[in-house]
Peer 1: 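Got a structure here, written out as structure tokens. Questions coming.
Since the structure is predicted, the reported quantities are computational estimates derived from the model, not experimental observations. Counting from 1, the numbers follow the sequence of the chain as shown.
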Amino acid sequence: MMTKAKIIDTAKTILIVVLVASAFFLMLKAIDLSPAQLLKSIFDNEPASQDNLSSDRNSVLLPSVPNSVMLTSQDGQHYAVKYDFALKQSIFASYTAELGEALGGATQMESIDTSQWRKALSGTGVFFDYLYPQPLDAIARYLGTEASSVLEDLLVRRLLLSHENKKVVLYFLDEDSGGCYKLGTSMDSGSLDQKIADSDLIQGSFAFESDGGYSELDPYFVFTGENSRVKGIASSAINLPSEKSPIPFDIFTINQRASSQHSESDGTVVYREGTDGAKSLRIGSNGSILFTASGSYGLPVESANESPTLNECLSAAAVIINGTIATQAGSAEIGLIGVENESSGGVTLSYGYFISGIPVRVTNDGWCARIRVSDGKIVRAELIYRQYELLDSDFTFMMESFACHTAQLKGVDTFLAYVDLSNAPSCNWTQK
């Protein structure tokens, strides 16, 4: 039989264990980690902030890597990568720390002219082209940091990390105004210069530097000497509903039992709620979804202010995409390809599929999702389900020089894309 003293000691031990466990789980809640995530970060000897970085990436849905990366050495020689996805991932990862710190630590924005911008492109640095303009503060979030306030609401497709007076300098083109800008930072450029010196890539060039007569082509098109081959893909449409793809009533707050329902001649099923069907969800037989809502029936965008910021709209759109088409995308990822601001204050966000960094066109405009926000609510969402698989075989595409000569004759910009507008996907040069 336990003595009174032993009973008291046992009770104290149990109380201590309970208190420690409570503190442990309160800590997990505070840093938004599950026990498994925390243990993984401990035993993998990795900081728990890596999970938070992943969370930021999931909440903005940008392309995981730029469309092209160009390094310029001290002697002015360019080295580029566009189509080798694994290599491009590795190169981009080498400079994310410098890019993130430059975006977060930019102190002053200075307007420069085109000649200064092109001179900077010819000097030592790292050039990134995302193909589609991206919000700079969203890129910073994707990289796990916060952008400087001077970069708020700027949409940028092309950036350049360079140096001046032994400090890192960030250059970019503002896609809205067409202006060129330089941002100073307090970051020492020694690490950046050394990484560039140690790189070993295929030689490249900009179109504006070429003597091949590309006056009508995008002057910052990046030419590379890479092989004209990419992985083949297989595509399949997702028919809703299915065991793995239920109709996302909860995402769009549709009450299946309370809503009216009818089918159309093409197989589309329509669910309606509210006065005169103010909120509706159309499920196409071809794997498409159309959500529309008016007035108070829209889906509120969580915001710290009366009107949501672009980043808050991106986060709200990511919730919808991550809960629908992203679950079935297979080998594809989904990234932002367009931000269309309205004079009324609304915004339409467009997203596309990407496979190994190459955009996939499932519509003529390239989008697989379009989400419109108006008066702080999501009032329209169009989604196209596709599932992709990388094949062992390759697709061969026309050499860059030939494709650019054709684009030059037409006076259009061109880029490489997977095209999935029919039953047989291909990889071709296309135009925006």
Peer 1: In a check of side-chain contact (heavy atoms from CB on, under 4.5 Å) between S236 and each of E389, Q328, Q387, R386, which one passes?
Peer 2: Q387

Peer 1: Would you say L173 and W117 make side-chain contact, with heavy atoms under 4.5 Å?
Peer 2: yes

Peer 1: Under a 3.5 Å cutoff, is there a donor and acceptor pairing between the side chains of S315 and E302?
Peer 2: no

Peer 1: So, do V222 and F127 sit near enough that their side-chain heavy atoms are less than 4.5 Å apart?
Peer 2: yes

Peer 1: Looking at every heavy atom in both S68 and K82, which two are closest together, and how far apart are they?
Peer 2: CB-CG, 3.2 Å

Peer 1: Does S259 use its side chain to pair, donor to acceptor, with the backbone of Q256 at less than 3.5 Å?
Peer 2: yes

Peer 1: Within a strict 4.5 Å, meaning less than it, do heavy atoms of the V168 and H163 side chains meet?
Peer 2: no

Peer 1: Start with the C-alpha gap between I378 and V301, add the side-chain angles, then the distance that decides, and say whether side-chain contact (heavy atoms from CB on, under 4.5 Å) holds.
Peer 2: CA-CA 7 Å; I378 293 175; V301 174; 4.0 Å; yes

Peer 1: Distance from F208 atom CZ to D218 atom CG, nearest 0.5 Å?
Peer 2: 11.0 Å

Peer 1: Just wondering, are more than 12 heavy atoms of other shown residues or ligands nearer than 6.0 Å to CG in D113?
Peer 2: yes

Peer 1: For Q89, run the side-chain contact (heavy atoms from CB on, under 4.5 Å) check against D84, V65, V81 and tell me which one passes.
Peer 2: V65

Peer 1: Look only at the side chain of D75 and the backbone of Q77, and say whether a donor-acceptor pair between them is shorter than 3.5 Å.
Peer 2: yes

Peer 1: Are more than 12 heavy atoms, taken from residues, nucleotides or ligands other than D198, located less than 6.0 Å from that residue's CG atom?
Peer 2: yes

Peer 1: Is it true that a side-chain atom of K88 and a backbone atom of N67 form a donor plus acceptor pair closer than 3.5 Å?
Peer 2: yes

Peer 1: Kindly indicate, with the supporting measurements, whether the criterion side-chain contact (heavy atoms from CB on, under 4.5 Å) is fulfilled by F85 and I355.
Peer 2: CA-CA 9 Å; F85 185 57; I355 298 177; over 6 Å; no

Peer 1: Evaluate the side-chain contact (heavy atoms from CB on, under 4.5 Å) criterion for residues S64 and Y142: first the C-alpha distance (whole Å), next the side-chain angles of each, then the deciding distance (0.1 Å), finally the verdict.
Peer 2: CA-CA 9 Å; S64 63; Y142 188 88; 3.3 Å; yes

Peer 1: Using the rule ring pair (Phe, Tyr, Trp, His ring centres under 6.0 Å), only one of F415, F223, F397, F395 pairs with Y83; which is it?
Peer 2: F397

Peer 1: Looking only at atom types and distance, does a side-chain atom of E312 sit under 3.5 Å from a main-chain N or O of A304, one as donor and one as acceptor?
Peer 2: yes

Peer 1: With rounding to the nearest 0.5 Å, note down the distance linking OG1 in T124 to CG in L160.
Peer 2: 10.0 Å

Peer 1: Any luck finding a side-chain donor-acceptor pair between T309 and N311 under 3.5 Å?
Peer 2: no

Peer 1: Under 3.5 Å, is there a donor-acceptor pair between the side chain of T268 and the main chain of G284?
Peer 2: no

Peer 1: Would you say D392 has more than 12 foreign heavy atoms packed within less than 6.0 Å of its CG?
Peer 2: no

Peer 1: Go through K377 and Y297 one step at a time and tell me if the side-chain contact (heavy atoms from CB on, under 4.5 Å) criterion holds.
Peer 2: CA-CA 9 Å; K377 294 181 175 65; Y297 288 95; over 6 Å; no

Peer 1: What closest approach, in Å, do Y171 and E164 show between heavy atoms, and which atom pair accounts for it?
Peer 2: OH-OE1, 4.2 Å

Peer 1: State, with a plain yes or no, whether a side-chain heavy atom of L349 is found less than 4.5 Å away from one of V339.
Peer 2: yes

Peer 1: Does the plane of the ring in H405 sit parallel, tilted or perpendicular to the ring in Y214? Use 30° and 60° as the thresholds.
Peer 2: tilted

Peer 1: Report, as yes or no, whether the 6.0 Å neighbourhood of atom CD on E209 holds more than 12 heavy atoms from other residues, nucleotides or ligands.
Peer 2: yes

Peer 1: Decide, yes or no, whether a salt bridge links R157 with D129 under the criterion of side-chain N to carboxylate O below 4.0 Å.
Peer 2: yes

Peer 1: How long is the gap from OH on Y418 to OG1 on T430, to the nearest 0.5 Å?
Peer 2: 14.5 Å

Peer 1: Identify which one of L336, I337, I139 satisfies the side-chain contact (heavy atoms from CB on, under 4.5 Å) criterion when paired with Y130.
Peer 2: I139

Peer 1: When rounded to the nearest 0.5 angstrom, what distance separates CG in L136 from CG in L170?
Peer 2: 7.5 Å

Peer 1: If every non-hydrogen atom of S191 is compared with every non-hydrogen atom of E98, which pair is closest and at what distance?
Peer 2: OG-OE2, 3.3 Å

Peer 1: Mind listing the closest non-hydrogen atom pair of L143 and F92 along with its distance?
Peer 2: CD2-CZ, 4.4 Å

Peer 1: Taking CE in M398 as the centre, count heavy atoms belonging to other residues, nucleotides or ligands within less than 6.0 Å. Is the count above 12?
Peer 2: no

Peer 1: Can you confirm whether P135 sits close enough to L314 that some side-chain heavy atom of one is under 4.5 Å from a side-chain heavy atom of the other?
Peer 2: yes

Peer 1: Between the side chains of R229 and T396, is a donor N or O closer than 3.5 angstrom to an acceptor N or O?
Peer 2: yes

Peer 1: Aromatic ring centroids of F249 and Y271 under 6.0 Å?
Peer 2: yes

Peer 1: Minimum heavy-atom separation for I325 and I384, please, with both atom names.
Peer 2: CG2-O, 3.6 Å

Peer 1: Would you call I320 and F291 a side-chain contact if the rule is heavy atoms closer than 4.5 Å?
Peer 2: no

Peer 1: Drop me the distance from F206's CZ to S122's OG, to the nearest 0.5 angstrom.
Peer 2: 7.5 Å

Peer 1: Who passes side-chain hydrogen bond (donor to acceptor under 3.5 Å, both in side chains) against S426, sequence neighbours left out?
Peer 2: N428

Peer 1: Donor-acceptor pair, distance only, cut-off 3.5 Å: does the side chain of Q134 make one with the backbone of Y132?
Peer 2: yes

Peer 1: Checking N165 side chain against K167 main chain: does a donor-acceptor pair fall under 3.5 Å?
Peer 2: no

Peer 1: Within a 6.0 Å radius of atom CG on D375, are there more than 12 heavy atoms belonging to other residues, nucleotides or ligands?
Peer 2: no

Peer 1: Between P248 and I289, is there a side-chain heavy-atom distance shorter than 4.5 Å?
Peer 2: yes

Peer 1: Per the ring-ring contact (aromatic ring centres under 6.0 Å, His included) rule, what does the pair list look like for residues 325-361, sequence neighbours excluded?
Peer 2: Y353-Y388

Peer 1: To the nearest 0.5 Å, what is the distance between CZ on F128 and CG on L161?
Peer 2: 5.0 Å

Peer 1: Search all heavy atoms of S356 against all heavy atoms of L390 and return the closest pair with its distance.
Peer 2: OG-CD1, 4.0 Å

Peer 1: Just wondering, do E273 and N255 contact through their side chains at under 4.5 Å, heavy atoms?
Peer 2: yes

Peer 1: Please identify each residue that fulfils side-chain hydrogen bond (donor to acceptor under 3.5 Å, both in side chains) with K231, with sequence neighbours left out.
Peer 2: none

